[in-house]
Every structure is written in C-alpha cells, then in structure tokens.
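Please read the structure below before turning to the comments.
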There are 2 protein chains.
Amino acid sequence: MVTIYDIAAKAGVSAMTVSRVINNTGKISEKTRAKVKRVMEEMNYVPNQTARSLVLQQTKLLFLLITDITNPFYTTLARGAEDAAKKHGYRLLFGNSDESLEKEADYVTTILTTRVDGVLLAPAGDPSLPHLESLRKHNVPFVLLDREVPGMDCDIVLGDSKEGAKRLVEHLAEKGHRQIALVNGSSSISSARLRLQGYKEGLKLNELPFREEFVFETSFGQLGDLSDMTAWLERLDPMPTAILTGNNVLAVEAMRLLRAKGLRVPEDISIVCFDDLGPYSDVDPFLTVAAQQAYQFGYMGMGMLIDRIGERDGSSPWKKVVLPAELLVRRSVKDISSEEG
Amino acid sequence: MVTIYDIAAKAGVSAMTVSRVINNTGKISEKTRAKVKRVMEEMNYVPNQTARSLVLQQTKLLFLLITDITNPFYTTLARGAEDAAKKHGYRLLFGNSDESLEKEADYVTTILTTRVDGVLLAPAGDPSLPHLESLRKHNVPFVLLDREVPGMDCDIVLGDSKEGAKRLVEHLAEKGHRQIALVNGSSSISSARLRLQGYKEGLKLNELPFREEFVFETSFGQLGDLSDMTAWLERLDPMPTAILTGNNVLAVEAMRLLRAKGLRVPEDISIVCFDDLGPYSDVDPFLTVAAQQAYQFGYMGMGMLIDRIGERDGSSPWKKVVLPAELLVRRSVKDISSEEG
DNA sequence: TTGTACGCGTTATCAT
DNA sequence: ATGATAACGCGTACAA
C-alpha cells in the first residue's frame, strides 16, 4: 500500500508536508505543493481514511437505519438523506431492520463498533427504547424518523399522521362512504397509534360510529400470508365500502387480498392509504393517498443530525419537526353518495 | 472513550489479555476471562473497529453500489447481498449511482479511501471501465452485477437477458401480436444490447420483420419527462399492439404514458417487461414479465466476492454466473390471435 | 497463561 | 514554510 511516507520520500519532503497538501492546511510554497501533487498522481496515492479516523476521532461516516428497504417511502427518504450527507462531506452507511427488533439490535452493535459519527433511524417501535438508550450512553448523536419512542427525548422528524388519517376519512365520507375499515400497523408504533386516532376523529367529525371490529392491526411490513386479514374481512357485517390502510405496503397487501377475492378497486370497494407509492403511483388503480414528504424526511433529518454533531458540548433543545401530509386524490375511491346507504 | 487499557487497568491485567478475551484467541484462564468480561460489561466497553482495521489491514466492510435504489430489482438484490454479507461477518455499505457516471466516480473515491475489503457493483455502463480499472489497480476485489463491461475480465453475475427477451417476444407472438415495439435502456449497457438481440431473435423466430423505428432507446432509470417517448409512439404507423420494455422501471413509465393518452392495458395495448416489480407485481394491470432472480444476484454475487477476498495470492479463474429469467404470465397481454391482423 | 514492545497510517503540537 | 515527535486504539511477535 502506498502511504504518506512513500510520497514524502519520493518528493523529498516530510510526511507532514504531504499531509498539509492533502488537507489544504498550513502554509505551503506553490513549488512543493506542485511537486507533492505530482508524486501523488504518479504513485496513485489514496489517503487511508481508517488511519485518519483513528487520530481524528471521527469517521465522517453516518448511518441510516430504515425498517423496510422495499418501501418507496424509505427509499425516497434514503435519497434525501444521502444527498444531504454528501453535501456536508459525509459518507453514508445503510441498514435495513425489516421491522425486526433483533435485526435492529444487531445494527446498533455495528453502529457502536464502527464508531460512526451519527445515526438517522426509523425505530422498529416503542420497544426500541433500550437501543436508543444504548446510543445515548455511548454519546452517538441520533435523529429519529417517522416514529416517536415514549421515554426518549431527542431530535425527530415526524409526519402529521393524525391529520393525514383524518383527511382521508373525510374524503371518503364526502364520497358517501359510511362503512370505513382501517388496516393498520402495530399499536406499539407511534405513527400507527396516531393514524388510528385520526381515523377515529375523522369518523366522529362525520358522525359515523367507531366500531372496534372494523380495525385490523398487523405489521407495517410485507405480510406474506394474508389468511388472518382475509378471515377478518369475511367476518365483517356489513362489508366496508372503503378501506383505509396505515401505510402504502398495507395498501398493496390489501389490494392483493381483494384481487384474490375477485373484488375490483374502486368499483366494488374503495381504498386509500397513508404514504405515496413512489414510482408506482401511476399504476392502476391509481391510489388516492395522504402523501408524506419522504425526501424531506431524509433531507431535513440528516441536516438536523449534522447540526447536532457540529455542536460542541452545549446541547441546544431537542428539535421536533412535523411535516404535513398532502391529500392526493386519484381514482381509487368510488363516489357512492347518490346510492342507497 | 473507554479503551482496552481502561479495561485492563480496572481488571488488573494487561491490554493484551483483554484483547485475547475479546477475540477468543490464545489461552486464558476462566477466572481472568470472567473478570475481564465483567469489567467490560460494567464500563460499557465497545471495541474500536477503526483501530482494529488499521492494524489488521482489513475493515470487514463491503460495498454495494447499485444504479437505482427505487428499483425493486436492486432493493431485492440488496437484501440478498446483505444477508450473505452478514452470514460471513461483514458489514455492508450501500451506494446509489442513479445511472450516473459522475456519481459512480464519487463512490469509487469513497470506496478507495474507506479501504473496504471488497465491492459488489452494477456498473452504469461500458464507460465505467476506468472506474473498474481504478479498483483493480488498487487491489480492491470486486464482482460485477447484471452488466458486463467490455475490456474487463472479472467475476460477474448476469441474467440471461437475450433468452428472457426472446421468450417475451414469443409469448406476445403466440397471443397474436405482430406489431411489437421495444422501449430499451442505453446501448452502452450490455444487458440492453442483449435484450435488443433477444428481441430481434424472437421476431425472426416468428417471421416478423425487425423495424428500426419500433425501437426506442432511453435510460433505464426514471425518465421524468415523457415527451420524447410520446413523440416516438405517435410517429409509429401502424401503432404497435404490444410493447416490450427493457426493464421494470421503463414498464411503469410506459404505463404512465399510456394512461396519459387514455389507452388501457391490456384492452387497448399489451405490455410486458424484463424484471419483476417486487411487491407491486400484484397491482393492476398485473404485468407479465421475465422475472430475474434478484435476491440470488445479490446473494451469489456476495458469496463470490467473499470467496475472492479469502483467496491468498493465487487467483482462481474468473467466474461468470448466468441466472435464467423466468416468464411469469399474468394479465397485461391481450389475446388477439383471433382478430384481424 | 500472561505481559512487553512495536507498528498500522495519519495528524496535532511544537520547533526550527 | 517545513520537520520531528508523539499519539489515536488495537493486535502480532516474542518473551517471560
């Protein structure tokens, strides 16, 4: 491996001079600078970031932990995070916890041993608390995304889940729907709880009754087996005329189920969801959604993280950003307001 | 920061003994091992991977560079790569080149300075050659994914692009289609060239003429602006009854275009593509595809990379794996064999 | 079974 | 403007 000493020797200067040329620090005469640069070119020298990290006590490495790499919300978020990281000269390490606490624990270990300078993460849920405490104990700055964890004060970027869900219910009500079911993620996840709350408020606002059995709670990740959800749906009487899902993945799963049962969207049943489908928004049935600003989640979160890292000791108060969700009306909802209830 | 020396002092042993406990090397009495472990717990000690990397001359870090993080083919591939890496005790750094040579060049720099132990990458195209040569020059082992780069001998995992495209054309022909258009990626990408070739062979096999104007060449990534493609389609006379796209992203873009023109799939025009849509396969219009084994691309590629890293000096011959693509018939193709030509 | 000395490649500090 | 020295945290080789 070509080291800074090899360059120094060949250029007839000290290692320190080479270091100064590399980092543009201190005063260097143009002549030596030119010579050193030429030798570096000749020898294909590349600085060793590992050695640099050791002495600088920083890796210039950040970590982004998401819960579902196949979900366009998170991949779009990842782009935002990546762009912001690059802008500030950081490199980014990705991880995918798959909504699993065990995998999340593994990644926390990786994060700790890798000595990354900071972490941006969507926690698997409330039980993630010990993981966050571990980061805090080891002085690893972090910013939470999308989900709050009770008991942990920290920087965070959230979507307005309650308001978004409420709007979706209102939209359905305006179109004449009175039997609205909810397929939601686990109640151990703050965003799922808020979406349930928004759903309830939306119902109340339209003087529709809340019925426990119209809510199906499952995981926000891909389900694979749909038998539980199928059984739930078949138990309902009357059948809902519309389904609201707590995120985009569940919307796709719901559509998969409906297809299996031979039901068309929106002719036979309407469907709306939280989160947009990214590139797939334009595919039939062209879903009506409460779209979150996925890219901004990543971009702003990363900005907050880098700000936090930049702080000396004096910790400024925790920041909490709430991004509104936008209702995008497409054509997965049928207007049944003129029909019989 | 808690170091190995802090542990040693508190446990009343030398740093070397602590190191042995951490790595399970050498002989240690159960008593000291227990005591050291206890102290490590108490002090929340976490080994510094940076220091370890420096002395060991390996980072236990691998890099996966893909060209489109929003494409389910690559995210599924990423899962396979991640699983294989973890199985072998490696951590994984992700990057997303967005089909851009410039971004790819940036990542190559990151790869070099980070001293990762190996790289798994889908090159942006033939012009990626200098990037690969740079990796080779610096002795960074790498395995190519999905795309060959003329002039570079190396390990590689490919899909059977030619055969897959041929099958798709045959399927269309069987359904009575005689006017089949191709929307393809850049001809500077080997897989696009092979898919074009398969398209031509499929036509010939069914005694259909190849017509230059029925091929539209663009980028494999998201297009954004569809005006070029729209203009192309409107120029065609006769209109194709079916479109074959070179990958899944282009299929979605094509459907976006068709929707804008008020054309239904498959009633007004049929569409098939290379690569599956992952979770979105079940969304209308339920695309017929030549599905690649995305997970296997990542899993096998990573295995090959780790094997290569494990080799001392003696380099075994380059390995080339070609994974077949499977035709999944769904319902985006209309059977027009009984209609007038 | 345990400990000592040294080196991995780089940068900060202090001299010159 | 440039250089010598020490230090970052850990593991290898060798010694005890």
Side-chain angles (χ1 to χ4, degrees), chain A residues 1-37 39-40 43-61 89 91 112-117 138-140, chain B residues 1-37 39-40 43-61 89 109-117 138-140:
Chain A
M1 179 187 294
V2 181
T3 76
I4 204 169
Y5 278 98
D6 299 326
I7 306 298
K10 192 145 178 187
V13 297
S14 76
M16 209 40 234
T17 300
V18 178
S19 174
R20 289 190 180 103
V21 171
I22 296 168
N23 300 295
N24 277 314
T25 56
K27 306 280 178 192
I28 301 277
S29 77
E30 265 319 309
K31 205 174 111 190
T32 48
R33 176 189 306 278
K35 187 201 286 175
V36 168
K37 286 207 167 184
V39 175
M40 290 198 296
M43 304 186 73
N44 290 308
Y45 171 72
V46 178
N48 185 324
Q49 182 63 36
T50 299
R52 190 181 264 166
S53 297
L54 186 59
V55 55
L56 258 27
Q57 295 289 67
Q58 58 163 351
T59 55
K60 279 288 171 186
L61 222 48
R91 288 161 299 131
L112 258 23
T113 64
T114 308
R115 294 291 195 277
V116 297
D117 293 342
H138 288 281
N139 293 313
V140 181
Chain B
M1 179 187 294
V2 182
T3 76
I4 205 168
Y5 282 97
D6 299 325
I7 305 297
K10 192 145 178 188
V13 297
S14 75
M16 207 40 234
T17 301
V18 179
S19 173
R20 288 188 181 104
V21 171
I22 296 168
N23 299 296
N24 277 315
T25 55
K27 304 282 177 190
I28 301 277
S29 77
E30 265 319 309
K31 207 175 108 189
T32 48
R33 176 190 305 277
K35 187 199 287 175
V36 169
K37 285 207 166 180
V39 176
M40 290 198 297
M43 303 188 72
N44 291 311
Y45 172 71
V46 179
N48 186 322
Q49 183 62 37
T50 300
R52 191 182 261 167
S53 297
L54 186 58
V55 56
L56 255 30
Q57 294 289 68
Q58 58 163 350
T59 54
K60 278 288 170 185
L61 220 49
T109 303
T110 293
I111 286 165
L112 258 24
T113 65
T114 308
R115 295 293 197 274
V116 297
D117 294 342
H138 288 281
N139 293 313
V140 181

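Throughout, protein chains are lettered first and strands after them, A, B, ... in sequence-line order, and every chain is numbered starting at 1.
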| Among C/dG9, C/dT10, C/dT1, the nucleotide that comes nearest once only the side chain of A/Tyr5 is considered |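 The nucleotide sitting nearest to the side chain is C/dT10.
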
| request: Establish, from distance only, whether the side-chain atoms of A/Arg115 and A/Ser53 form a donor-acceptor pair under 3.5 Å. | output: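 Distance-only check fails for A/Arg115 and A/Ser53.
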
Phosphate-side-chain proximity, [X] and [N], N/O vs OP1/OP2 below 4.0 Å:
{"X": "A/Ser19", "N": "C/dT11", "value": "yes"}
{"X": "A/Asn23", "N": "C/dT11", "value": "yes"}
{"X": "A/Thr3", "N": "C/dG9", "value": "no"}
{"X": "A/Gln57", "N": "D/dA7", "value": "no"}
{"X": "B/Thr17", "N": "C/dT2", "value": "no"}
{"X": "B/Thr25", "N": "D/dG11", "value": "no"}

| For B/Thr50, which contact category applies under a 4.0 Å heavy-atom criterion: base, sugar-phosphate, or nothing? |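 Touches nothing.
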
| message | Does B/Thr32 reach a base, just sugar-phosphate, or nothing at all? Heavy atoms under 4.0 Å. | response |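 Sugar-phosphate contact only.
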
Please report, rounded to the nearest Å, how far the [atom2] atom of [N] is from the [atom1] atom of [X].
{"X": "A/Met40", "N": "C/dG9", "atom1": "CE", "atom2": "P", "result": "17 Å"}
{"X": "A/Arg52", "N": "C/dC8", "atom1": "CZ", "atom2": "C1'", "result": "16 Å"}
{"X": "B/Ile4", "N": "C/dT4", "atom1": "CD1", "atom2": "P", "result": "14 Å"}
{"X": "B/Ile22", "N": "D/dG9", "atom1": "CD1", "atom2": "P", "result": "14 Å"}
{"X": "B/Leu54", "N": "D/dG11", "atom1": "CG", "atom2": "P", "result": "12 Å"}
{"X": "B/Met16", "N": "C/dT4", "atom1": "CE", "atom2": "P", "result": "12 Å"}
{"X": "B/Lys60", "N": "D/dG11", "atom1": "NZ", "atom2": "C1'", "result": "15 Å"}
{"X": "A/Leu56", "N": "D/dG9", "atom1": "CG", "atom2": "P", "result": "12 Å"}

| query | Starting at the 5' end of DNA chain C, which residue's closest nucleotide do you reach first, A/Val46 or B/Gly26? | reply |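 It is B/Gly26, whose closest nucleotide lies nearer the 5' terminus.
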
| message | If you assign each of B/Ser14 and B/Ala51 to its closest nucleotide in DNA chain C, which residue comes earlier from the 5' end? | response |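 This one resolves to B/Ser14.
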
| query | Start at the 5' end of DNA chain D and walk down; is the nucleotide closest to B/Arg20 or to B/Tyr45 reached first? | reply |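 Mapping each residue to its closest nucleotide by heavy atoms, the 5'-most match is B/Tyr45.
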
| Among A/Gln57, A/Gln58, A/Arg91, which one satisfies side-chain contact (heavy atoms from CB on, under 4.5 Å) with A/Asp117? |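 When side-chain contact (heavy atoms from CB on, under 4.5 Å) is applied between A/Asp117 and each of A/Gln57, A/Gln58, A/Arg91, only A/Gln58 qualifies.
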
| field | Closest non-hydrogen atom pair, B/Val36 against B/Ala11 | value |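 For B/Val36 versus B/Ala11, the nearest heavy atoms are CG2-CB, 4.3 Å.
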
| request: Identify the two heavy atoms, one from A/Ser14 and one from A/Ala8, that lie closest to each other, and give their separation to 0.1 Å. | output: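 Here A/Ser14 and A/Ala8 meet closest at C-CB, 3.6 Å.
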
| request: Taking B/Thr114 for its side chain and B/Val116 for its backbone only, find out whether a donor-acceptor pair lies under 3.5 Å. | output: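 Answer holds: no.
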
